[in-house]
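See below for the structure under consideration.
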Protein chains: 2
Amino acid sequence: MTRYNHPTRILVALDCIIFGFDGEFLKLLLIKRNFEPEKGKWSLMGGFLNEEEDLEVAAARILYELTGLRDIYVEQLQTFGKVDRDPVERTVSVGFFALINIDDHDPEAVKAHNAYWISLNDIPELIFDHAKMVELARERLRYKAALHPLGFELMPEKFTIPQLQKLYEAIYGMTLDRRNFSRKLLSTGLLIDTGEKNENSATKKATLYKLNREKYQDKFHEFWNFMPDTFLI
Amino acid sequence: MTRYNHPTRILVALDCIIFGFDGEFLKLLLIKRNFEPEKGKWSLMGGFLNEEEDLEVAAARILYELTGLRDIYVEQLQTFGKVDRDPVERTVSVGFFALINIDDHDPEAVKAHNAYWISLNDIPELIFDHAKMVELARERLRYKAALHPLGFELMPEKFTIPQLQKLYEAIYGMTLDRRNFSRKLLSTGLLIDTGEKNENSATKKATLYKLNREKYQDKFHEFWNFMPDTFLI
DNA sequence: CCAAAAGTGTTTCCCATACACCCATGG
DNA sequence: CCATGGGTGTATGGGAAACACTTTTGG
């Protein structure tokens, strides 16, 4: 079998930055490592690329292994390739950015990997360059969520507008005007009124909406404007 | 020396999508391969990642080798990792997106690599998945140039507003209103009037501007709006 | 009846758009 | 003096932002 005449073949790893939202805080699914290397420390969920496996397939495999979920929102973040990023051996790692509904994950799988949902405000020290990956993923979320209706990926099937507003306020660390936010969202035509109300409320029950999936697919790449003009990245 | 107990180490390649603008057309720097594999066919400029070399350093090395330029605009595009993307051997390739002033490149280096500037309208068939890389890079350029003052990277040191408008029209394949474009650009405060005029003109000579580099650095990541609101990706 | 949260309405003001007009230059 | 392209001015409309008010619910 023919091969290239180049000496350097390298381990290719994948690391997944997995976001969730519990109604109040933005969270990441992190692993308290009960295996080597760096046993006992915190890290992202990762794995190695196999010989006969597409890169995206490997990412889906690793995400499924930890969360029990398929067909979730995943995009490539960036590839990290500093020589010394992994002290064990030269490794290039492709970072993947995932958004899931925090209620959908399989608790068994998460527990089996010794993984926990950690608020973005309380991220512990992470191994290797994982902190840099998290920071970049956070910027990417802030960037894209301002322009595209990304936030729905973090919501349950049915949700209220105030819940969605809380998500945006968590992403950007700022408060938003209730009335303008609601109008902006409804004007996108992305919301379908389910006719139901949120029963978990001590006051006026908010309307439960679901996502208009067809329109969401069609218009996802258009530029929208989910944040006030006064907001700057 | 300790190593990971994983069997698959893979060649890591880099491929560079290099954009230039000649005043009329957007162009790519492509290679007519006079070496194996796929000798005689067209491809992007690429190379392999070395053992003791950071990924970004490798990209800069490859770009320097072809153009003779350092400190140009480079960003990671995406990593391509289909199993069969390279028929010679399993190879993962990191795509890099570069913007250069077409007049600055070293013609000797370009000639030595048998490279040519090809208009984006006339891209020939490319090897492997390079056509996909080009398409993605093109989308990235269209995306970012609408939001950030990226276009200046493709301009010479001194340029006129009509020249810049021609660039945007080439990127998006549409005509723009002269007067609104000019106002929008000037209102950013990114342009410094050099006091000189473009002498290569048969009619009224346009003002030559240069980029306000400090402001450009500071404000690059803010959201701007260089395209009409009616424009959708 | 009251407090807290959800929903709807209104006014104002800025800015993007779509125009028209004037200026400079070479032939 | 005229054709071509560069530069400046202006009216208008839509939409974002900043507000006030009403409605629903549980206690």
Side-chain angles (χ1 to χ4, degrees), chain A residues 23-24 145-147 149 155 158-170 172 174-210 219 222-232, chain B residues 23-24 145-147 149 155 158-170 172 174-210 222-233:
Chain A
E24 188 174 10
L147 299 169
M155 285 280 134
K158 297 174 184 178
F159 55 88
T160 69
I161 291 182
Q163 284 170 358
L164 198 60
Q165 182 176 340
K166 282 221 163 48
L167 167 62
Y168 275 80
E169 291 180 336
Y172 297 102
M174 64 192 289
T175 56
L176 299 171
D177 184 274
R178 211 163 34 86
R179 300 154 284 195
N180 293 332
F181 185 83
S182 171
R183 181 151 12 97
K184 198 176 276 189
L185 254 294
L186 288 171
S187 73
T188 63
L190 287 173
L191 301 185
I192 299 174
D193 189 334
T194 63
E196 302 169 59
K197 301 285 180 182
N198 178 17
E199 296 299 328
N200 310 326
S201 170
T203 64
K204 183 170 182 177
K205 298 177 196 319
T207 305
L208 282 165
Y209 293 91
K210 60 175 182 168
K219 310 279 188 178
E222 288 184 10
F223 282 143
W224 268 320
N225 187 18
F226 292 100
M227 292 298 290
D229 289 355
T230 49
F231 162 79
L232 297 172
Chain B
E24 186 173 12
L147 298 169
M155 286 280 134
K158 297 176 184 177
F159 54 89
T160 69
I161 292 183
Q163 283 169 359
L164 198 60
Q165 181 175 342
K166 282 221 163 50
L167 168 61
Y168 274 80
E169 291 180 336
Y172 297 103
M174 64 193 289
T175 56
L176 299 171
D177 185 274
R178 210 163 34 87
R179 298 153 285 194
N180 293 331
F181 185 82
S182 171
R183 191 191 2 257
K184 198 175 278 189
L185 255 295
L186 287 170
S187 74
T188 64
L190 287 173
L191 301 186
I192 300 174
D193 189 334
T194 63
E196 302 169 59
K197 300 286 180 181
N198 178 16
E199 296 298 330
N200 310 324
S201 169
T203 64
K204 184 170 180 176
K205 298 176 197 318
T207 305
L208 282 164
Y209 292 91
K210 61 176 181 169
E222 289 184 9
F223 283 143
W224 267 321
N225 187 16
F226 292 101
M227 292 298 289
D229 289 355
T230 48
F231 163 79
L232 297 172
I233 291 287

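Computed over heavy atoms, backbone and side chain alike; hydrogens, waters and symmetry mates excluded. Predicted, not measured: the structure shown is a model, and the values here were computed from it. A, B, ... follow the sequence lines: proteins, then strands. Residue 1 opens every chain.
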Working to the nearest 0.5 Å, report the span between CD of B:Glu169 and CG of B:Leu167.
9.5 Å
Rounded to whole Å, the CE-C1' distance (B:Met174 to C:dT17) equals 13 Å
Taking A:Tyr209 for the side chain and A:Leu186 for the main chain, is one N or O donor matched with an acceptor at less than 3.5 Å?
no
In residues 176-193 of chain A, which ones come under 4.0 Å of DNA chain C, going by heavy atoms?
A:Arg178, A:Arg179, A:Arg183
Report the distance from atom CZ of B:Arg183 to atom CD1 of B:Ile161, rounding to the nearest 0.5 Å.
11.5 Å
Close side-chain approach of B:Leu191 and B:Phe159, heavy atoms under 4.5 Å:
yes
Within less than 4.0 Å of OP1 or OP2 of C:dG7, is there a side-chain N or O belonging to A:Thr207?
yes
Here the distance between atom P of D:dG7 and atom CG of B:Asn198, to the nearest Å, is 10 Å
In whole angstroms, how far is the C1' atom of C:dG26 from the CG atom of B:Asn200?
14 Å
Between atom CG in B:Asn225 and atom P in D:dA16, what is the gap in whole Å?
12 Å
Rounded to whole Å, how long is the line connecting atom CG of B:Leu208 with atom P of D:dG6?
12 Å
Non-neighbouring partners of A:Lys210 that pass salt bridge (charged side-chain N to carboxylate O under 4.0 Å, His left out), sequence neighbours left out
none
For A:Lys205 and C:dA5, give me the distance from atom NZ to atom P, rounded to whole Å.
14 Å
Can you spot which of B:Glu196, B:Lys158, B:Lys197 makes a side chain to side chain donor-acceptor pair (under 3.5 Å) with B:Thr207?
B:Lys197
Tabulate protein N/O versus nucleotide N/O from nucleotides 11-15 of chain D, keeping only pairs under 3.5 Å, one per line.
none

If you define the side chain from C-beta out and look only at heavy atoms, does anything of B:Leu185 sit under 4.5 Å from B:Tyr168?
no
Under 4.0 Å between a side-chain nitrogen and a carboxylate oxygen: does that hold for B:Lys205 and B:Glu199?
yes
Both B:Thr203 and A:Lys204 contact DNA chain D. Taking the nearest nucleotide for each, which residue is further toward the 5' end?
B:Thr203
Non-hydrogen atoms of A:Leu176 and A:Met227 that approach each other most closely
CD2-CE, 4.1 Å
Would you kindly give the CD-to-P distance between B:Gln165 and D:dG5, to the nearest whole Å?
13 Å
Rounded to the nearest angstrom, tell me the gap between atom CD in A:Glu199 and atom P in C:dA6.
14 Å
